[in-house]
K.L.:
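Dumping the structure here so I can ask a few things about it.
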Amino acid sequence: TGRTQAQGNAAANNYPGLVMRRLSRVSKPRATAKVDAVVSFRIGASGGLAGVSLARSSGSAQLDQAALRVVQRAAPFPPPPPGAQRSFSITIQGR
């Protein structure tokens with residue numbers, strides 16, 4: 001059982017990387033100024049979004065909405081393994 005627990009811990013530790021890779025595949029919003037928005041989100045047990053919100057506005061309603069769409073387009077995520085982090089905050093930069 002020690003090996004199974006170690007595999008479970010590795011899966012839980014690797015999960016944030018899987019989430020970030022999924023997010024990196026979504027094209028980022030374009031912005032006229034170099035600004036960024038912070039989006040917070042939670043992943044449900046099945047991998048779907050359990051919640052998504054704007055943690056810090058970029059000052060541009062258009063970029064803020066586009067930043068939320070980045071997370072929404074990346075979903076669903078792989079189902080999180082037991083013990084994995086399920087709440088995240090990411091910075092979306094306008095480009």
K.L.:
Are I43 and V52 connected in a single hydrophobic cluster, I mean Ile/Leu/Val/Met/Phe/Trp/Tyr linked by side-chain heavy atoms less than 4.5 Å apart?
P.N.:
yes
K.L.:
Regarding S40 and S89, do their side chains bring together a donor and an acceptor under 3.5 Å, going by distance alone?
P.N.:
yes
K.L.:
Working to the nearest 0.5 angstrom, can you tell me the gap between M20 CE and R25 CZ?
P.N.:
13.5 Å
K.L.:
Considering residues, nucleotides and ligands other than Q62, do more than 12 of their heavy atoms fall under 6.0 Å from its CD?
P.N.:
no
K.L.:
Look at the rings of Y15 and F88 and say which category their plane angle falls in: under 30° parallel, 30 to 60° tilted, over 60° perpendicular.
P.N.:
tilted
K.L.:
Can you measure from CZ (R42) to CG (L49) and round to the nearest 0.5 angstrom?
P.N.:
9.5 Å
K.L.:
Do V71 and L23 have side-chain heavy atoms sitting under 4.5 Å apart?
P.N.:
yes
K.L.:
Check whether any side-chain N or O of R56 sits under 3.5 Å from a backbone N or O of V38 as a donor-acceptor pair, and report yes or no.
P.N.:
no
K.L.:
Taking all non-hydrogen atoms of both residues into account, name the closest pair between S46 and P79 and its distance.
P.N.:
O-CG, 3.6 Å
K.L.:
Is any side-chain heavy atom of Q93 closer than 4.5 Å to one of T91?
P.N.:
yes
K.L.:
Check salt bridge (Lys or Arg N to Asp or Glu O under 4.0 Å) between D64 and all other residues, then give those that pass, not counting sequence neighbours.
P.N.:
none
K.L.:
Minimum heavy-atom separation for P80 to G44, with atom names?
P.N.:
CD-O, 3.3 Å
K.L.:
Check whether R22 reaches the backbone of P76 with its side chain - one donor and one acceptor, N or O, closer than 3.5 Å.
P.N.:
yes
K.L.:
For the residue pair L68 and S53, what are the closest heavy atoms and their distance?
P.N.:
CD2-C, 3.7 Å
K.L.:
Got a second to check how far S57's OG is from D36's CG, nearest 0.5 Å?
P.N.:
10.0 Å
K.L.:
Transitively linked via ILVMFWY side-chain contacts under 4.5 Å: V35 with V70?
P.N.:
no
K.L.:
Are I90 and V19 grouped together when hydrophobic residues (ILVMFWY) are joined by side-chain heavy atoms under 4.5 angstrom apart?
P.N.:
yes
K.L.:
Q85 and P16: which non-hydrogen atoms are nearest, and at how many Å?
P.N.:
OE1-CG, 3.6 Å
